Amino acid sequence: MLSSTLAVVGRTVTWATSRAACAQGVPSSPTWRQARRAILAAGSRACHSVPLTTESGLCVGMVSAHVDRTLGALTTAQTQTLDTVGCQAGRWLAWHDRTVVLDALEYLHTLGRAGRGSSFRRT
């Protein structure tokens with residue numbers, strides 16, 4: 001289950017209102033205090049995180065890109081672009097859940113009801 005908050009760049013942001021964030025240096029960032037050893041062993045030295053949000057602003061996921069060198073802060077244009085991509089991806093995920101996943105579950109439910117009391121074989 002997703003937490004209602006996420007620590008990014010040494011600060012806590014709410015999922016629903018978070019923006020793209022950058023942990024410019026994993027070795028010195030307080031964000032990575034608990035997992036620092038594992039993150040560094042994997043070769044990560046910096047991390048950009050982007051929330052995936054729905055049209056209503058609900059965060060349905062997070063994408064993080066880890067890089068092998070310390071990075072500078074994101075520019076305003078980069079932040080806006082990442083926010084746009086995060087919104088588009090979040091909206092697509094919400095659409096997928098409302099349509100494709102729901103249709104698949106309804107199909108499985110129909111199969112289950114049709115075969116009540118008998119065994120099924122894949123065809």
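Note that the structure is a prediction, hence the values are computed from the model and not measured.
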**Report entry** Single-linkage hydrophobic cluster, 4.5 Å side-chain cutoff, Trp95 and Leu102 together
**Finding:** no

Query raised in the report: Can you check whether Leu40's main-chain N or O pairs, donor with acceptor, with Ser44's side chain at less than 3.5 Å?
Result: no

Requested in this report: Could you state whether Leu93 and Val101 fall into the same hydrophobic cluster, counting links through intermediate Ile, Leu, Val, Met, Phe, Trp or Tyr residues with side-chain heavy atoms under 4.5 angstrom apart?
Outcome: no

Query raised in the report: Do Thr81 and Gln78 have a side chain donor and acceptor closer than 3.5 Å?
Result: no

Query raised in the report: Do the side chains of Met62 and Leu52 get nearer than 4.5 Å, heavy atoms only?
Result: no

**Report entry** Heavy-atom pair with the smallest gap, counting every atom of Glu55 and Arg91
**Finding:** CA-NE, 3.4 Å

Report summary line: When rounded to the nearest 0.5 Å, the distance separating CZ of Arg98 from OG1 of Thr54 is 9.0 Å

Report summary line: Looking only at heavy atoms, the pair that brings Ser49 and Cys47 closest together is OG-SG, 3.6 Å

Requested in this report: Would you mind reporting whether Arg45 and Val67 have side-chain heavy atoms less than 4.5 Å apart?
Outcome: no

Donor-acceptor list for residues 103-112 side chains, cut-off 3.5 Å, not counting sequence neighbours:
{"unit_1": "Thr110", "atom_1": "OG1", "unit_2": "Glu106", "atom_2": "O", "d": "3.0"}

Query raised in the report: Applying the 4.5 Å side-chain criterion to the ILVMFWY set and letting contacts propagate, would Leu74 and Val85 be lumped into a single cluster?
Result: no

